[in-house]
Protein chains: 2
Amino acid sequence: MSYFANKMSPAEFDAKIHWFVGRCREAGLRVTPQRLAIYKELLGTDEHPSAEMLYEKLKPAWPTLSLDTVNRTVLTLTEIGAAFIVEGSGGARRFDAGLEHHQHFKCVKCERIIDFHHEPFDNIELPPDVAGKFTVLRKTVYLEGICDLCKQGMKVVQRS
Amino acid sequence: MSYFANKMSPAEFDAKIHWFVGRCREAGLRVTPQRLAIYKELLGTDEHPSAEMLYEKLKPAWPTLSLDTVNRTVLTLTEIGAAFIVEGSGGARRFDAGLEHHQHFKCVKCERIIDFHHEPFDNIELPPDVAGKFTVLRKTVYLEGICDLCKQGMKVVQRS
DNA sequence: CTCCTATATAGTAGCTACTCCTATCTGTCA
DNA sequence: TGACAGATAGGAGTAGCTACTATATAGGAG
Ligand SMILES: [Mn+2]
Ligand SMILES: [Mn+2]
Ligand SMILES: [Zn+2]
Ligand SMILES: [Zn+2]
């Protein structure tokens, strides 16, 4: 059985921020206000935003923030294991700071990326010849199709 | 048990070309020399080329071919179900005319996309709540990591 | 606390991978 | 063998990064 992901508690959120600060120190990275703000924004959403989407959300509170900083920062986040690039095909890269086991469904119409969790997908077993030949760093089960809102013909904010 | 994909016979190749011509007619599309050449090139390779890669391969034989035509054509191929965009994260879109059940391993260093086939991955069962809420058009098991050549530290042609 | 410096940021320019536009051409059918 | 809707070539335009450089600042030394 699977379930759709839900919000985290303020305590969980704070714990993750604390972990992130430690992870930065560990990696020899400065905890700049921009870096923290970008991480918080990514952590607090389940929309799997692109760099541009994060930039637009942060701009009101951070008027001098540059898009390049957002791009550099999300790349840094993936490098220290605080986030990852969501699998998909085409368009802008989408990011995710949710490190718990879960999977993604992407709507090909509205480009929404929706979290779900199905335990059998968490640790799919690799075929022996692949495991023997390659170093597998990431195993993903990924679904694409039409989401509930687009099926109903409802008007959804189109992306791109 | 899984196995790595291998070449098709000339007879199989011809059969697929024949199918493609019929599929074009069926869809009300003209069978132009460019369209056929692009499909043949994509069908004859297991490299999962980008539009640019196809363009470079075809240029010697088709000096007046434009990159835009390649881009439009691979899009058309996906629309009529003669090809699909390979899943992945970031970079140029990569295409595949191989419609048989198989899966992909992508090397994060050299960007090679390698076919393999593991039967348990062919028809993974959807969680009921996802199947009920969304129309799932594509189910993908996707692996990423370091390929055999890159592990050996061999020099491989870097992409991008 | 204050200063120092390596690292990070802002602003901008450049690049890659498409996507759109328009004049010209051609596969298909009558 | 035309006629013409659909396709292509070439070029311009756009989105999404990526590189460059002067300025600013986090965080450690003193
Ligand atoms: Mn997610
Ligand atoms: Mn393939
Ligand atoms: Zn949708
Ligand atoms: Zn490799």
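Sequence lines set the chain letters: A, B, ... in the order given, protein chains first and strands last, and positions in each chain run from 1.
Atom-to-atom, CG of B:L75 to C1' of C:dC18 comes out at 11 Å; the value is rounded to the nearest Å. Protein atom CG of B:L54 is 11 Å distant from nucleotide atom P of C:dC18, rounded to whole Å. Summarising the geometry, the separation between CG on B:N71 and P on D:dA9 is reported as 13 Å, rounded to the nearest angstrom. Here the P atom of nucleotide D:dA15 and the OH atom of A:Y55 are 15 Å apart, to the nearest Å. Taking atom CG on B:L58 and atom P on D:dT8, their separation rounds to 13 Å, with Å as the unit.
The shortest heavy-atom contact between B:C107 and B:C147 is SG-N, 3.4 Å. Among all heavy-atom pairs drawn from A:H104 and A:V86, the shortest one is ND1-CG1, 3.6 Å. Contact record, A:I124 with A:K139: O-NZ, 2.9 Å, taken as the closest heavy-atom pair.
Distances shown here put a side-chain N or O of B:T69 below 4.0 Å from the OP1 or OP2 atom of D:dA9. Distances shorter than 4.0 Å separate some side-chain N or O of A:Q34 from OP1 or OP2 on C:dA10. For A:T32 and C:dT9, the shortest distance from a side-chain N or O to OP1 or OP2 is below 4.0 Å.
Note on B:Y142 and B:F121: separate hydrophobic clusters, where clusters join Ile, Leu, Val, Met, Phe, Trp and Tyr whose side-chain heavy atoms are under 4.5 Å apart, directly or indirectly.
Applying the side chain to side chain donor-acceptor pair (under 3.5 Å) test to residues at least two apart or on different chains, the pairs with a partner in residues 25-35 of chain B are B:R23-B:E26.
Neither side chain, B:E52 nor B:N71, offers a donor N or O lying under 3.5 Å from an acceptor on the other.
The closest side-chain heavy-atom distance from B:M8 to B:L43 is below 4.5 Å.
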Close N or O pairs between protein and nucleotides 23-25 of chain D (under 3.5 Å):
from, atom 1, to, atom 2, distance (Å)
D:dT25, O2, A:R30, NH1, 3.1

Tabulated below should be each protein N or O lying under 3.5 Å from an N or O of nucleotides 19-22 of chain D; please produce it.
from, atom 1, to, atom 2, distance (Å)
D:dA19, N6, A:D68, OD1, 3.0

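Within the nucleic acid shown, A:L29 comes within 4.0 Å of sugar-phosphate atoms alone, with no base atom in reach, counting heavy atoms only. A:L67 comes within 4.0 angstrom of nothing in the nucleic acid, heavy atoms only.
As the counterpart of D:dG30, C:dC1 is assigned, both hydrogen-bonding distances of the Watson-Crick or G-U wobble pattern falling under 3.5 Å.
Contact check on A:R138 versus B:E87 returns no salt bridge, with no Lys/Arg side-chain nitrogen under 4.0 Å from an Asp/Glu carboxylate oxygen.
Of the candidate nucleotides D:dT8, C:dC18, C:dA10, D:dT8 has the atom nearest to the side chain of B:R35. Residue A:R93 places its side chain closer to D:dT18 than to any other of D:dT18, C:dA10, D:dA9. Listed nucleotides: D:dG27, D:dC17, C:dC18. Nearest to the side chain of A:V31: D:dG27.
Under the 30°/60° scheme for interplanar angles, the aromatic rings of A:H101 and A:H117 are found to lie parallel.
Residues B:R25 and B:A51 both approach DNA chain C. Their nearest nucleotides, taken by heavy-atom distance, put B:A51 toward the 5′ side.
Between the CZ atom of A:F84 and the NE2 atom of A:H48 there is a distance of 6.5 Å, given to the nearest 0.5 Å.
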